[in-house]
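Have a look at the structure below, then the notes.
By convention here, the first residue in the shown sequence is residue 1. In this text the structure is predicted, and so the values were computed from the model without any measurement.
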Amino acid sequence: MYFLDKNINKQEGIIRCLSLTMIVMASGLFISIPFFKSAKVEKLDKHESASCMPNLDHLCRSDVKERSWEYIVIHHSATAKGNAARFDQYHKKMKGWEYGLAYHFVVGNGSFSGDGEIEVGSRWKKQIHGAHTANMNCNRVAIGICLVGDFENGGAPKENQFESLVSLVQYLSRKYNIPSSNIIEHKHVHQKATACPGKNFPFAELKTRLLQIASKSSNHKEL
């Protein structure tokens with residue numbers, strides 16, 4: 001696609017090769033061996049409570065006719081704290097954006113929303129294009145998901161937060177028939193340079209997890 005960085009195909013090929021899993025079907029067991037030891041997700045402290053995964057069919061229901069989405073773009077907020085309401089106010093007052101919150105979804109880190117809580121923006125409910133990249137051609141066809149946190153200067157996403165992201169991306173990609181190659185990081189979009197969602201975001205692990213889920217689903221259908 002013309003709005004993607006020219007290196008994305010090469011990067012996608014590398015990720016596909018390195019995140020290839022060895023799937024062994026034996027005695028009804030699914031065994032996967034990921035190749036990314038360095039792709040880590042910040043583990044929950046034992047005292048932190050795990051969030052319950054919401055019903056995504058209900059959560060992602062829109063108020064109007066749905067658009068034909070083609071891409072999913074992953075972002076970080078580049079802030080230690082935040083939630084959809086705070087970002088919405090910032091985008092309205094400081095950026096002057098009529099529709100406010102640039103993203104369609106925000107996944108919390110436990111600061112001003114729950115750890116792993118998925119917040120739905122009004123752009124999604126009204127099926128309005130995002131404002132999450134500097135490339136409007138991308139914004140028209142891409143679902144924007146923002147994780148609260150700074151994964152460039154801080155650590156990786158927390159476990160609950162990452163699990164919610166995996167579930168949300170898997171749900172949306174399946175619903176809108178979005179291929180793995182069209183699930184990208186913000187920095188993959190052809191625009192002014194950005195590090196978003198940061199060097200510590202485990203993008204390869206996300207792709208591996210989605211591949212594992214797809215493989216399990218395919219195997220179950222064949223049974």
Side-chain angles (χ1 to χ4, degrees), residues 3 51 53-152 154 157-158 160-173 175-176 178 182-189 191-192 194-198 201 203 206:
F3 61 73
S51 61
M53 183 57 59
N55 182 315
L56 291 176
D57 278 322
H58 177 74
L59 186 71
C60 298
R61 188 176 301 157
S62 63
D63 298 333
V64 297
K65 182 179 178 181
E66 295 176 340
R67 296 168 71 103
S68 297
W69 301 103
E70 299 175 23
Y71 286 79
I72 295 174
V73 181
I74 310 299
H75 303 258
H76 71 158
S77 66
T79 60
K81 300 179 180 181
N83 63 5
R86 286 172 177 261
F87 300 151
D88 179 62
Q89 286 300 306
Y90 176 79
H91 291 163
K92 283 179 178 176
K93 294 182 178 180
M94 303 303 293
K95 297 289 188 179
W97 293 339
E98 177 184 358
Y99 300 116
L101 183 66
Y103 317 103
H104 296 102
F105 299 93
V106 174
V107 185
N109 67 351
S111 53
F112 294 106
S113 60
D115 178 15
E117 179 181 352
I118 299 173
E119 297 184 283
V120 184
S122 61
R123 287 179 188 266
W124 180 259
K125 291 296 185 183
K126 298 176 182 178
Q127 292 290 285
I128 298 172
H129 63 75
H132 49 95
T133 79
N135 190 313
M136 195 59 202
N137 289 320
C138 175
N139 290 338
R140 290 191 182 98
V141 296
I143 300 169
I145 302 176
C146 178
L147 279 72
V148 180
D150 185 346
F151 309 135
E152 178 67 19
K158 288 187 175 182
N160 279 349
Q161 190 179 35
F162 188 73
E163 290 301 320
S164 291
L165 175 68
V166 170
S167 296
L168 180 60
V169 171
Q170 191 273 335
Y171 173 85
L172 293 171
S173 61
K175 182 173 182 178
Y176 298 102
I178 299 173
N182 287 11
I183 299 169
I184 61 177
E185 296 175 283
H186 183 193
K187 62 187 176 185
H188 293 153
V189 178
Q191 57 166 61
K192 60 183 180 181
T194 177
C196 181
F201 177 77
F203 186 59
L206 172 63

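Distance SG/C60 to CD/E66: 9.5 Å, rounded to 0.5 Å. In this structure, CG on N160 lies 11.5 Å from CD on E117, to the nearest 0.5 angstrom. Note that CD1 of I74 is 12.5 Å distant from NZ of K187, once rounded to the nearest 0.5 Å. Of the inter-residue distances, the one linking Y171 atom OH with D57 atom CG reads 3.5 Å to the nearest 0.5 angstrom. Within the model, atoms CG of D115 and CD of Q161 stand 6.5 Å from one another, a figure rounded to the nearest 0.5 Å. Remark: S68 OG to R140 CZ distance equals 15.0 Å, nearest 0.5 Å.
Contact check for F105 versus V120: side-chain heavy atoms found under the 4.5 Å cut-off. Residues S113 and V106 have side chains not in contact (no heavy-atom distance under 4.5 Å, counting atoms from C-beta outward). Proximity of Y103 to V73: side-chain heavy atoms (C-beta onward) are nowhere separated by under 4.5 Å.
Of the possible polar contacts, none joining the H104 side chain to the I143 backbone as a donor-acceptor pair under 3.5 Å is found. Side chain of N139 to main chain of H129: no donor-acceptor pair is present (N/O by atom type, distance under 3.5 Å, no hydrogens or angles). Side-chain atoms of S77 come within 3.5 Å of backbone N or O of G149 as a donor-acceptor pair.
Between Q191 and T194, the shortest heavy-atom contact is NE2-CG2, 3.7 Å. Scanning both residues, E152 and A195, for their nearest heavy atoms gives OE1-CB, 3.6 Å. Here the shortest heavy-atom pairing between A102 and W97 reads CB-CZ3, 3.6 Å. Nearest heavy-atom pair, G100 versus H91, reported as atom, atom and distance to 0.1 Å: O-CB, 3.6 Å. Listed here is the closest heavy atom pair of I184 and Y71: CD1-CD2, 4.3 Å.
Taking the centre of each ring, F201 and H76 stay at or above the 6.0 Å mark.
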What side-chain donor-acceptor pairs closer than 3.5 Å can you find for residues 82-90, not counting sequence neighbours?
unit_1: N83; atom_1: OD1; unit_2: A85; atom_2: N; d: 3.4
unit_1: N83; atom_1: OD1; unit_2: R86; atom_2: N; d: 2.9
unit_1: N83; atom_1: ND2; unit_2: F112; atom_2: O; d: 3.0
unit_1: D88; atom_1: OD1; unit_2: L101; atom_2: N; d: 2.8
unit_1: D88; atom_1: OD2; unit_2: K92; atom_2: NZ; d: 3.4

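When the side-chain hydrogen bond (donor to acceptor under 3.5 Å, both in side chains) test is applied to K95, no partner is found at least two apart in sequence or on another chain. By the side-chain hydrogen bond (donor to acceptor under 3.5 Å, both in side chains) test, Y99 pairs with no residue at all, sequence neighbours left out.
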Exercise. I would like to know whether S111 and N109 meet side chain to side chain donor-acceptor pair (under 3.5 Å); could you show each step before the answer?
Key: CA-CA 6 Å; S111 53; N109 67 351; 2.7 Å; yes
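Between W124 and Y176, the ring-plane angle classifies as perpendicular under the 30° and 60° cut-offs.
A 6.0 Å sphere centred on NZ of K126 holds no more than 12 heavy atoms belonging to other residues, nucleotides or ligands.
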